[in-house]
Amino acid sequence: RRVHGHLNCLSLQKNYNDICLFLGSLPVKFHVLVFTEVFIKNDTLTRRFDFPGYQDPIIHCRDTARGGVAIYIRNDIVAMTRNDLKLDNVENVWTEIKLCKNSKPLLVGGIYRTGAVNTDDFLRNFDTFLSDLNNKKYHDILIAGDININTLE
């Protein structure tokens, strides 16, 4: 059984201890954790935000202390960071994982779109990006994050 999670944590540093307690209280251990709005600046040491049982995070951060995306992959999963995949105008990171030895790769993406990015432009770019991924023959794709679009309007 695959278990994946996403949390808009509004500062990994501020909420790190609470997140650790929450993860430790669960009866399952997530295969993949995606965090948005991690508020980690480029010059911040990410080792301070390790989670037991997970590999070093794959992080997209900015020079400001806002936004950011981090993906944590469980230690027993083979992962390969995909720096060649980038969605324009949003913060995003991508990794390819194999949940077991003979499984097909699962592409995992973490996305954070600020409200300042034009919604129509984002949706056009996202559609093109997904079409490109489809052309690369990915069978399984997991995208988690916060795209700041009110779908109820």
Side-chain angles (χ1 to χ4, degrees), residues 1-12 15-16 18-40 42 46-47 49-62 67-115 117-153:
R1 187 170 67 159
R2 298 175 183 167
V3 183
H4 313 292
H6 167 259
L7 177 67
N8 184 322
C9 63
L10 295 172
S11 178
L12 197 52
N15 295 305
Y16 177 77
D18 289 337
I19 293 169
C20 285
L21 287 172
F22 171 70
L23 293 174
S25 72
L26 298 175
V28 296
K29 189 166 184 177
F30 291 98
H31 292 83
V32 175
L33 294 167
V34 178
F35 295 101
T36 50
E37 293 198 75
V38 294
F39 297 179
I40 297 174
N42 283 328
T46 57
R47 291 248 182 247
F49 307 111
D50 283 348
F51 290 105
Y54 290 87
Q55 302 171 32
D56 289 342
I58 304 157
I59 295 182
H60 177 279
C61 49
R62 302 190 281 173
V69 179
I71 297 178
Y72 289 81
I73 305 295
R74 211 167 66 183
N75 279 337
D76 62 336
I77 297 172
V78 176
M80 179 178 72
T81 302
R82 294 297 307 269
N83 292 321
D84 59 315
L85 299 175
K86 290 292 174 200
L87 178 58
D88 293 336
N89 299 323
V90 295
E91 299 170 37
N92 58 114
V93 291
W94 299 87
T95 186
E96 196 173 288
I97 65 172
K98 292 192 85 170
L99 293 170
C100 56
K101 185 178 177 181
N102 296 319
S103 68
K104 293 179 181 177
L106 170 67
L107 182 65
V108 178
I111 297 176
Y112 175 67
R113 174 192 160 266
T114 69
V117 175
N118 180 280
T119 301
D120 292 332
D121 290 343
F122 165 74
L123 291 173
R124 270 191 301 280
N125 288 340
F126 194 44
D127 184 57
T128 300
F129 183 78
L130 292 175
S131 293
D132 290 345
L133 290 180
N134 188 45
N135 292 336
K136 292 180 183 189
K137 308 284 190 258
Y138 284 104
H139 295 280
D140 296 309
I141 302 172
L142 168 69
I143 300 172
D146 181 356
I147 58 172
N148 284 303
I149 296 176
N150 183 352
T151 58
L152 298 177
E153 290 182 347

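All values below come from the heavy atoms of this structure, side chains included, with hydrogens, waters and symmetry mates left out. This one's a predicted model, so the numbers in the text were calculated from it and none came from an experiment.
Under the salt bridge (Lys or Arg N to Asp or Glu O under 4.0 Å) criterion, D88 pairs with no residue, sequence neighbours left out. Residues that satisfy the salt bridge (Lys or Arg N to Asp or Glu O under 4.0 Å) test with D18, not counting sequence neighbours, are absent from this structure. Partners of Y54 according to the ring-ring contact (aromatic ring centres under 6.0 Å, His included) rule, which considers only residues two or more places apart in sequence or in another chain, do not exist here. Partners of F51 under the ring-ring contact (aromatic ring centres under 6.0 Å, His included) rule, at least two apart in sequence or in another chain, are Y16, F35, Y72.
The two residues C9 and E37 come nearest to each other via the heavy atoms SG-O, 3.8 Å. The shortest non-hydrogen separation linking C100 to S103 is O-OG, 2.9 Å. The heavy-atom pair separating V34 from G110 by the smallest distance is CG1-CA, 3.8 Å. Nearest approach of I111 to I143, heavy atoms of both residues: CD1-CG2, 3.5 Å.
Under the 4.5 Å side-chain criterion, counting only non-hydrogen atoms from C-beta, L87 is in contact with N125. Considering only heavy atoms from C-beta on, F39 comes within 4.5 Å of L10 through its side chain. In this structure, the side chains of N92 and K86 come closer than 4.5 Å at one or more pairs of heavy atoms. Contact annotation: the side chain of D140 never approaches that of P105 to less than 4.5 Å [non-hydrogen atoms, C-beta and beyond]. Residues F129 and V90 have side chains not in contact (no heavy-atom distance under 4.5 Å, counting atoms from C-beta outward). Inter-residue side-chain proximity for V38 and F49 is flagged as unmet; no heavy-atom pair is nearer than 4.5 Å.
For residues 127-136, no residue pair satisfies the salt bridge (charged side-chain N to carboxylate O under 4.0 Å, His left out) rule, not counting sequence neighbours. Residue pairs meeting the salt bridge (charged side-chain N to carboxylate O under 4.0 Å, His left out) criterion with at least one member in residues 93-110, sequence neighbours excluded, are R82-E96.
Here the side chain of N134 pairs no donor or acceptor atom with the backbone of L130 at under 3.5 angstrom. Listed for the Q55 side chain is a donor-acceptor partner under 3.5 Å among the backbone atoms of I77. When atom types are taken as modelled, the side chain of H31 and the backbone of H4 share no donor-acceptor pair closer than 3.5 angstrom. Side-chain atoms of N148 come within 3.5 Å of backbone N or O of R113 as a donor-acceptor pair. Side chain of T81 to main chain of T95: no donor-acceptor pair is present (N/O by atom type, distance under 3.5 Å, no hydrogens or angles).
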- Message: Pair D50, D56 - check side-chain contact (heavy atoms from CB on, under 4.5 Å), show working.
- Response: CA-CA 7 Å; D50 283 348; D56 289 342; 3.8 Å; yes

- Task: Output, in order, the C-alpha distance, side-chain angles, deciding distance and verdict of side-chain contact (heavy atoms from CB on, under 4.5 Å) for I71 and V32.
- Result: CA-CA 7 Å; I71 297 178; V32 175; 4.1 Å; yes

- Could you go step by step and tell me if N89 and F122 meet the side-chain contact (heavy atoms from CB on, under 4.5 Å) rule? CA-CA 7 Å; N89 299 323; F122 165 74; over 6 Å; no

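We find the CG-CG distance between L133 and L107 to be 6.0 Å, quoted to the nearest 0.5 Å. A distance of 12.0 Å separates CH2 in W94 from CD1 in I58, rounded to the nearest 0.5 Å. The distance from the OG1 atom of T36 to the NE2 atom of H60 is 13.0 Å, given to the nearest 0.5 Å.
Looking at I19, L7, L23 one by one, the single match for side chain to side chain contact (heavy atoms under 4.5 Å, CB included) with L33 turns out to be L23.
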